[in-house]
Peer 1: 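Sharing a structure, written as structure tokens. Questions coming.
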Amino acid sequence: MTGKHNAATCKTPPAPATLDRMEPGSMCRVIRVGLKGPLRRRLMDMGIVNGAPVEIVRVAPLGDPMELKIKGYLLSVRKEDAKHITVEIHEDQPG
Amino acid sequence: MKTNQADNAAKSLPRDRNRPLTMAIAGNPNAGKTTLFNTLSGARQHVGNWPGVTVEKKEGSFDYHGRTIHIVDLPGTYSLTAYSMEEVIARDYILTETPDVVVNIVDASNLERNLYLTVQLLELGAPVIIALNMVDVAEGRGIRIDHNQLGTLLGVPVIPMVARTGKGRDELMRAVLDPPPPAQLRVNYGRDLENAIQKLCGTMDASPGTPPPAGGARHAAVKLLENDSVYEKKLRDSFGPDIVDRKNRLAARIEQTLADDTETLLVDRRYGYISGLIREVVSRPAMDKRTMTDNIDAVLTHRALGLPFFIFAMWATFQATFTLGAKPMEWLDMFFGWLGGVFAALLGDTLIGSMVVDGVIGGVGGVLSFLPNILILFFAIAMLEDTGYMARAAFIMDKVMHKLHLHGKSFIPLLVGFGCTVPAIMATRTLENRKDRIVTILVAPLMSCGARLPVYVLLAGAFFSPAAAGNVIFSIYLIGILFAIFLARIFRTKLLKGDTTPFVMELPPYRMPTLKSVLLHMWERAWMYIKKAGTTLLSIALLMWALITFPLTFPGQDAMERELSRRAAAVEQRASELGAAPGADIKDARYNELVEAVEEQEREISSAQLRHSLAGRVGRFIEPVLHPIGFDWKTGIALISGFAAKEVIVSTMGIIYSVGSSAEASSELTGALRADPIFTPLTAYVLMLFTLLTIPCMATVAVIHRETGSWKWTAFSLGYHTVLAWVVCFVVYQGGRLIGL
């Protein structure tokens with residue numbers, strides 16, 4: 001999959017992707033939270049709701065989980081869970 | 001049943017000024033709940049568990065301007081769903097205990113997410129006061145919050161404060177003394193959802209005999225549409241199954257129209273409402289300033305530096321606990337030794353004397369001597385938690401722990417287990433998910449603790465070459481780790497399946513911990529340990545003492561004691577022949593021989609006594625079970641005594657093999673073991689394995705019961721350790737024999 005590279009070349013509309021594929025330092029916006037049950041609700045309660053902007057801060061030293069900045073605080077999510085979160089990529093880099 | 005409304009109505013009547021006032025503290029984890037609780041209640045606090053569960057419940061009381069205020073610290077939660085025990089506890093407490101006031105502590109530097117809980121508390125109809133905490137941190141970041149406007153929009157008092165320094169404390173307390181009426185917030189969930197809420201409320205109102213549910217009909221309707229299992233059951237019980245069917249039909253229609261399920265829509269709208277609030281009351285700089293936390297994290301969770309720093313932090317914790325703790329531990333041992341001496345002199349060589357000295361002081365003292373380690377470890381853990389590093393440690397280790405089907409936070413208790421299993425099990429308190437906690441508690445004893453090392457050293461030293469001994473001991477540690485990994489997987493996927501911990505964890509901002517809170521944290525946990533030592537452990541210690549002491553007489557005792565007196569007389573006679581006072585330092589070969597003969601006879605007697613004691617009988621009784629794994633009754637007694645503390649296995653073997661239990665005796669014991677035909681390198685190795693895998697010591701068992709809060713899990717732990725130890729030892733022993741070892 002080279003969705004990331006494609007997204008960099010076409011400006012509009014932003015390409016949908018899943019959160020786990022986002023590079024550290026990039027910004028995106030939540031489109032859909034897949035999953036079911038408590039995990040899904042927990043993610044939503046923590047602010048991963050439709051339209052929420054998310055900054056990917058870093059990935060843990062061993063490659064998983066990832067650290068996100070959302071609604072002004074830091075949240076860590078496993079990649080296997082982030083896979084179910086559909087996002088659209090923001091071209092503008094965080095300040 | 002008394003309803004919430006009725007209660008609230010009663011509360012709006014003129015109040016009795018002398019009645020104690022109940023105040024609950026609610027808020028997100030890391031919002032400063034504990035700090036506020038400690039600032040208000042001071043030293044008068046009580047830590048226990050919520051009924052039926054092992055979620056910690058903190059209560060305290062204090063007087064403010066002549067009024068007694070009782071504070072209850074609710075579990076820290078992000079939401080009020082039915083998915084987590086903590087959230088259910090918090091909302092049940094508010095609905096059924098109806099505290100006079102709920103102080104919702106909110107982190108001003110993280111307002112948006114914190115308000116998500118606030119909105120739910122307000123929807124619950126609780127009498128809420130918002131304590132807007134850490135306004136200093138927010139201001140430092142250029143975030144300005146119009147707290148008056150926030151209060152007006154939400155319809156509740158908002159008090160800005162800094163809980164750490166106590167700023168705003170008096171303003172908060174003034175508001176608490178004059179509690180607000182129940183909140184009446186109605187979030188507008190949009191036409192379709194509001195329609196459904198109205199219809200469900202109508203159904204509830206239309207059954208006249210049934211009072212509306214606690215928290216009001218609207219709140220119950222919202223919870224139904226969130227598919228809250230607790231509310232579904234509650235409402236089905238009081239209003240019949242029709243209400244749930246109706247909800248399902250309404251929800252299905254909304255899902256068709258809006259292409260999303262009602263739970264998602266409700267959460268979305270709630271956050272949408274909060275975004276609106278934030279726009280009205282918060283002004284912040286266009287560009288977020290890089291925070292201190294960002295800078296620290298850039299190093300501590302750095303791709304390359306993160307792991308080495310983590311290893312260093314763990315090493316430092318471990319070292320501090322067991323190296324720094326070694327000296328005070330020695331002092332405590334010396335103190336209990338001295339105390340034992342005092343009582344021995346006082347009570348003499350009587351049964352009572354033996355019970356007090358060997359049973360009570362020996363048993364409880366042995367357990368309490370771990371106290372320095374426990375204090376230091378909990379100081380270190382409190383530091384790791386209060387600074388915010390604990391969450392980073394979990395973040396870094398999660399990938400490894402996840403492979404074991406555990407949470408990143410399980411790493412620390414397991415590491416501590418190499419020092420001592422007791423604090424390791426207590427350290428599982430940092431795990432939020434009960435199933436993760438139980439699995440971690442179950443496998444923690446497989447991390448070979450420090451007390452088991454003397455057993456390995458003795459056996460490896462006696463039966464393996466010095467070059468091989470190190471590898472032999474290392475292999476035992478490794479086997480423990482491998483079993484822990486293997487069993488954690490099995491337990492988590494088979495026994496405690498489902499409800500896997502979502503690793504959706506906040507990485508809280510780094511903060512300078514206050515000494516007061518760290519010390520309080522440490523003390524709370526240490527005190528629980530001391531209490532345990534004084535109750536359960538005391539009785540087990542006495543039982544162990546009785547097992548090896550009774551019966552007092554044994555066949556052939558008279559003859560053996562006559563022989564002892566004869567030999568003692570010979571010593572005295574020789575001394576007088578030499579013209580020296582008894583006990584003086586006599587350098588005479590014949591004399592020394594006679595003294596040794598006395599000591600040998602003493603050892604024979606204690607060995608015979610032990611053989612005929614209850615423990616000895618138990619050892620003989622279980623011998624048929626021990627035989628297939630290569631042990632005899634003597635090993636059986638040693639293993640039984642190991643229940644008191646693992647290092648006791650060595651001293652018990654000293655007594656059994658009549659070499660005494662002093663340090664000088666260890667080389668003699670090595671010789672005695674080698675001379676015993678039952679012992680081969682294979683049996684020695686199997687005995688090491690058994691020591692590793694079998695039931696942990698009594699202090700650990702007591703703590704397992706304390707921390708799981710369940711006899712069932714304690715029994716399971718005992719059972720699985722016994723079975724595991726036996727099966728593994730059977731396979732190794734019989735396998736070893738087959739290949740001719």
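These numbers were taken from a predicted model, which means no experiment stands behind them. Chain A is the first sequence line, chain B the second, and so forth, proteins listed ahead of strands; every chain is numbered from 1.
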Peer 1: Regarding A:D45 and B:R113, does a basic nitrogen lie under 4.0 Å from an acidic carboxylate oxygen?
Peer 2: no
Peer 1: Answer yes or no: does atom CZ of B:R511 have more than 12 heavy-atom neighbours from other residues, nucleotides or ligands under 6.0 Å?
Peer 2: yes
Peer 1: Any salt bridge between B:D398 and B:K409, counting N to O under 4.0 Å?
Peer 2: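 Looking at B:D398 and B:K409, the cut-off is not met.
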Peer 1: Need one label for B:A394: side chain, backbone, both or neither, based on atoms under 4.5 Å from any heavy atom in chain A.
Peer 2: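 When you check distances to chain A, no heavy atom of B:A394 falls under 4.5 Å.
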Peer 1: Only one of A:R21, A:M27, A:M66 forms a side chain to side chain contact (heavy atoms under 4.5 Å, CB included) with A:I56, so which one is it?
Peer 2: A:M66
Peer 1: Chain B heavy atoms under 4.5 Å from A:E67: which part of the residue, side chain, backbone, both or neither?
Peer 2: both
Peer 1: Would you call A:E80 and A:K83 a salt bridge, taking side-chain N to carboxylate O under 4.0 Å as the test?
Peer 2: no
Peer 1: Decide whether a cation-pi geometry holds between B:R392 and B:F309; the criteria are a distance under 6.0 Å from NZ or CZ to the six-membered ring centre and an angle within 45° of the ring axis.
Peer 2: no
Peer 1: Tell me, side chain or backbone of A:K79 under 4.5 Å from chain B's heavy atoms, or both, or neither?
Peer 2: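 For A:K79, there is no contact with chain B at all, as no heavy atom is under 4.5 Å.
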Peer 1: Taking side chain as everything from C-beta outward and backbone as N, CA, C, O, which of these in B:F395 sits under 4.5 Å from a heavy atom of chain A? Side chain, backbone, both or neither.
Peer 2: both
Peer 1: At a heavy-atom separation under 4.5 Å, does B:T301 approach chain A through its side chain, its backbone, both, or neither?
Peer 2: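 For B:T301, the contact with chain A is made by backbone and side chain together.
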Peer 1: Only pairs of heavy atoms separated by less than 4.5 Å count here; which of B:V400, B:D297, B:I396, B:D260 has the most with chain A?
Peer 2: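 Option with the top pair count is B:D297.
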Peer 1: Between B:T264, B:L305, B:L307, B:L117, which shows the greatest number of heavy-atom pairs under 4.5 Å with chain A?
Peer 2: B:T264
Peer 1: Looking only at heavy atoms, which of residues 270-283 of chain B get nearer than 4.5 Å to chain A?
Peer 2: B:R270, B:Y271
Peer 1: Please determine, among A:G37, A:A52, A:G63, A:G51, the option with the most heavy-atom pairs under 4.5 Å with chain B.
Peer 2: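 Most heavy-atom pairs within the cutoff with chain B belong to A:G37.
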Peer 1: If you round to the nearest 0.5 Å, how far is OH of B:Y189 from CD1 of B:I254?
Peer 2: 12.5 Å
Peer 1: What part of B:E506 is in contact with chain A, defined as an atom under 4.5 angstrom from a non-hydrogen atom: side chain, backbone, both or neither?
Peer 2: both
Peer 1: B:V504 and side chain to side chain contact (heavy atoms under 4.5 Å, CB included): which partner among A:R78, A:M44, A:R42?
Peer 2: A:R42
Peer 1: Should B:K435 and B:R492 count as side-chain neighbours, where that means a heavy-atom distance under 4.5 Å?
Peer 2: yes
Peer 1: Tell me which of these, B:M397, B:H302, B:E226, has more heavy-atom pairs under 4.5 Å with chain A than the rest.
Peer 2: B:E226
Peer 1: I'd like to verify something: which residue of A:L68, A:L62, A:V77 has the highest number of heavy-atom pairs under 4.5 Å with chain B?
Peer 2: A:L62
Peer 1: Going through the checks in order, is the side-chain contact (heavy atoms from CB on, under 4.5 Å) test met by B:T77 and B:N28?
Peer 2: CA-CA 5 Å; B:T77 64; B:N28 285 183; 5.7 Å; no
Peer 1: Is it true that A:K69 and A:E55 make a salt bridge, defined as a side-chain N closer than 4.0 Å to a carboxylate O?
Peer 2: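 Judged by the 4.0 Å cut-off on N to carboxylate O distance, A:K69 and A:E55 do not form a salt bridge.
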